[in-house]
> 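Below you'll find the structure I mean.
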Number of protein chains: 2
Amino acid sequence: MSDRNLSQLDHALLELRSLVMNGEFSGGQRLSEVAVAKQLGTSRTPLRQAMDRLVAEGLLERIETGGCRVATFTRDDIADAIELRGVIEGTAARMAAERGVSAELLSQANAVLEGIDRAIKASNGLNFECYVHRNAEFHTLLAKFSGSALVQREIERVSMLPLASPSAFLSEQAAIPDFVDSLRYAQRQHRAIVEAITNHEGARAEALVREHARLALINFNYLTDVQPTLVNDVPGLALVAST
Amino acid sequence: MSDRNLSQLDHALLELRSLVMNGEFSGGQRLSEVAVAKQLGTSRTPLRQAMDRLVAEGLLERIETGGCRVATFTRDDIADAIELRGVIEGTAARMAAERGVSAELLSQANAVLEGIDRAIKASNGLNFECYVHRNAEFHTLLAKFSGSALVQREIERVSMLPLASPSAFLSEQAAIPDFVDSLRYAQRQHRAIVEAITNHEGARAEALVREHARLALINFNYLTDVQPTLVNDVPGLALVAST
DNA sequence: TTTTTCAAAATTGTATACATTATATTTATT
DNA sequence: AATAAATATAATGTATACAATTTTGAAAAA
């Protein structure tokens, strides 16, 4: 119902990404263009374009003899993606501290931080949905702080890899011991990061962001360890090689 | 003559990238698919695919109303690209130091370093061509050291941006004062980097690589400052906004 | 039984025709 | 004359037909 007035390409891109993320095509087999095109109700042309973009994203990989298949991700691959995201986000923070950030952007950041506070201290406990949303906003803003379109783009790129986004599978982690406490810890890191940027402490800002990314890594490890007991429809989880 | 047995797509990709890099389509105008397809002697289908990939590379950018145009790069954009390359290469070095590198790869690195030495101390002065080649090899190897396919890929990606590669416009810099001396300095950095990795000194390896990337930045600044006096066919230079 | 060869089938790569949308030009109106 | 509307033109987006390649499967040979 949201697909009207979307181009065939955009439709195919969204649909195909979702199917791949949910493990619809697992098996390492080449995915047939005619079959998938029929499944998505479009022609081969926009589908091929969508496939091309997913290859660029890293979700699919080309086969030497033609066509492409779903890429497989080991746990190490995803850990690397999370670490690399932390590294580039750290660079964004350092650049922001070194180059300065407009008062307007800073006030936006503070507004987001207050939003996160409210999500944590909601009257009926934690407001997951709101937290996830605000957290994503914070990281988007952090990328913007860099003042570099390239850095911003690369953060987005890496964050698009399965389970690498700062908000990935956040709401599935209620089972983690001391989960709410870790959210509070993350929020203190958020504030420290903004503080360091405001004070033009580049090295500190970078280090803090990297440390912040380690939380995602810890959560990912927990997620994969207890995988069987958790709901299995976390997007991207199906792509993690089991061995 | 090298284009036989290349697919239409590969042909279009190479040709189009080269044309764009050399400023054939400067002007910010949308580049017409039919016109360019005719110019490359192929049909629209593989050309569109090639355009799509160049958009993913960042060389072209999509236009909201359809089609795409050549992206424009400010000096700051390129400086950011060089810095980001340094950051990710630094991560590769740190990962290599932390995780360890096989003896075989290390010996390959040492062989490359000796090759660079020979290029610098060639009987008839400096051997540019050889130096450029070996230097590229060193950086490729460094990416490989990370042990992470993702990190390797992202280094390649960023290095593909105009003037961001570690070997970009190296041979055009003979006019730089103390140029050979700076190559010797760079080579000492290379050795220090390998040493740090061998000794599992992650933080040092990372810092050294970042410092190493600053050389490219210095050279880029020199290049753009004296741009009028230098040969103007340095690939990518045409894309730098003059203002 | 296993391997090799060859042909048929199916799949991807490419070209092109068509539909749809954006752009340019012209005409009408203020 | 300047602006707005309308039409004509040209461009991109999409579907499909065809060509080239790969894959599959069967038949023949070892």
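Chain identifiers are assigned alphabetically (A, B, ...) following the order of the sequence lines, protein sequences preceding nucleic acid strands; residue numbering begins at 1 within each chain. Because only heavy atoms are used, hydrogens play no part in the values below, and waters and symmetry mates are left out as well, while side chains stay in.
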> Verify, without hydrogens or angle tests, whether A:Arg157 (side chain) and A:Ala56 (backbone) share a donor-acceptor contact under 3.5 angstrom.
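Judged by distance alone, yes, a pair lies under 3.5 Å.
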
> Please state how far atom CG in B:Leu47 lies from atom P in C:dT14, giving the value in whole angstrom units.
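Roughly 12 Å, once rounded to whole Å.
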
> Taking 4.0 angstrom as the limit, do A:Arg62 and A:Asp52 come out as a salt bridge?
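Between A:Asp52 and A:Arg62 there is a salt bridge, with a charged N closer than 4.0 Å to a carboxylate O.
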
> Assess whether a salt bridge exists between B:Glu57 and B:Arg53, defined as any Lys/Arg side-chain N lying under 4.0 Å from an Asp/Glu carboxylate O.
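Between B:Arg53 and B:Glu57 there is no salt bridge, as every charged N stays at least 4.0 Å from the carboxylate O atoms.
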
> For A:Arg69 and C:dT12, what is the distance between atoms CZ and P respectively, to the nearest whole Å?
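Checked: the CZ to P distance equals 13 Å.
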
> Nucleotide by nucleotide, 5' to 3', does protein get under 4.0 Å of the base (B), only the sugar-phosphate (S), or neither (-) in nucleotides 11-19 of chain D, counting heavy atoms?
-BBBBBB--

> In this structure, how many angstroms lie between the C1' atom of C:dA22 and the CD atom of B:Gln29, rounded?
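The distance from CD of B:Gln29 to C1' of C:dA22 comes to 14 Å, rounded to the nearest Å.
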
> Holding to side chain to side chain donor-acceptor pair (under 3.5 Å), I want the full list of residues that pass it with A:Gln29, two or more places apart in sequence or in another chain.
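So A:Gln29 forms no side chain to side chain donor-acceptor pair (under 3.5 Å) with any residue.
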
> List in chain and number order the residues that pass ring-ring contact (aromatic ring centres under 6.0 Å, His included) with A:Phe138, two or more places apart in sequence or in another chain; answer none if no residue qualifies.
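ring-ring contact (aromatic ring centres under 6.0 Å, His included) list for A:Phe138, sorted by chain: A:His190.
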
> A:Asn22: which residues meet the side chain to side chain donor-acceptor pair (under 3.5 Å) condition with it, sequence neighbours left out?
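For A:Asn22, no residue satisfies side chain to side chain donor-acceptor pair (under 3.5 Å) once neighbours in sequence are set aside.
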
> Starting from C1' on C:dT14, measure out to NE2 on B:His11 and report it in whole angstrom.
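It works out to 13 Å between those atoms.
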
> Could you run down nucleotides 5-10 of chain C 5' to 3' and tag each one B, S or - for protein heavy-atom contact under 4.0 Å?
------

> Scan the side chains in residues 146-153 of chain A for donor-acceptor partners under 3.5 Å anywhere in the protein, sequence neighbours excluded, and list what turns up.
from     : atom 1 : to       : atom 2 : distance (Å)
A:Ser146 : OG     : A:Ala143 : O      : 2.7
A:Ser146 : OG     : A:Ser148 : N      : 3.0
A:Ser146 : OG     : A:Ser148 : O      : 3.3
A:Ser148 : OG     : A:Leu150 : N      : 3.4
A:Ser148 : OG     : A:Val151 : N      : 3.1
A:Ser148 : OG     : B:Asp80  : OD2    : 3.2

> Mind listing the closest non-hydrogen atom pair of B:Gln8 and B:Thr42 along with its distance?
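That closest heavy-atom pairing would be NE2-OG1, 3.0 Å.
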
